[in-house]
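Everything on this sheet refers to the single structure shown next.
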Amino acid sequence: MSDRLDRGELDVGVLQVFADERRADDVTLASDALHWVKSPDLAIDTGKPIPLLTFDQDCFYRDWALHAEPPPPSGFQIVMECASIAGIISAVGAGLGVTLLNARHLQPDMEIIANGFPTPPDIAYVVRTGRSADTSAVKALARTLTSDADWHRPPSPR
């Protein structure tokens, strides 16, 4: 979506970015933390590649996980790719592997992995306007999006 906004194909978008990649003209709706998570039933064998559950190939979480330093000693092996958050959450619950999830999607039965993995960056939800989106309608839409109280509500506690 960011590329389409930059090319002028879209007027406004709500997207997730790494917090340190926000632009000066982005309006931050909310910030969140990323966590490595797994099922408590999944035993991690550090002598073998870690089973990784990922979103699709365009997902920036996936790209970060596969290139973050320092990687786990045996690296990762993608065991499932799914475009749906519900699919990833179900796969974690079934003990199929580890994944990166933001705090808003953590479930009570998930275990946060604190050691042995690269520390994930924070993320931000932003409203970003396209380069040719200087119209009153786009400005009104952006104002409406940024005033929605749901964005300002903190993530549900685990």
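What you see below is based on every heavy atom in this structure, not just the backbone, and it leaves out hydrogens, waters and symmetry mates.
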Short side-chain to backbone donor-acceptor contact, [X] and [Y], under 3.5 Å:
X	Y	answer
S74	T46	yes
T28	A30	no
W36	P118	yes
E111	D109	no

About how many Å separate [atom2] of [Y] and [atom1] of [X], when rounded to the nearest 0.5 Å?
X	Y	atom1	atom2	result
F76	L52	CZ	CG	5.5 Å
M1	Q16	CE	CD	11.0 Å
I89	C82	CD1	SG	10.0 Å

Have a look at L101 and tell me which of D32, I88, L53 forms a side-chain contact (heavy atoms from CB on, under 4.5 Å) with it.
-> I88

Criterion side-chain contact (heavy atoms from CB on, under 4.5 Å) against R62, the qualifying member of T99, L100, I78 | I78

Fit a plane to each ring of F18 and F60, take the angle between them on a 0 to 90° scale, and name the class: parallel (under 30°), tilted (30 to 60°) or perpendicular (over 60°).
-> perpendicular

Is there side-chain contact between L106 and V37, with at least one heavy-atom pair below 4.5 Å?
-> yes

Heavy-atom distance under 4.5 Å between the side chains of V126 and V27, does that happen here?
-> no

If you measure from the Lys or Arg side-chain nitrogens to the Asp or Glu carboxylate oxygens, is any gap between R4 and D11 under 4.0 Å?
-> no

Given the rule in the side chain to side chain contact (heavy atoms under 4.5 Å, CB included) test, do I123 and Y61 qualify, once you have shown the distances and angles that lead to the verdict?
-> CA-CA 10 Å; I123 59 167; Y61 288 16; 3.4 Å; yes

Residues forming a salt bridge (Lys or Arg N to Asp or Glu O under 4.0 Å) with D26, sequence neighbours excluded = R128

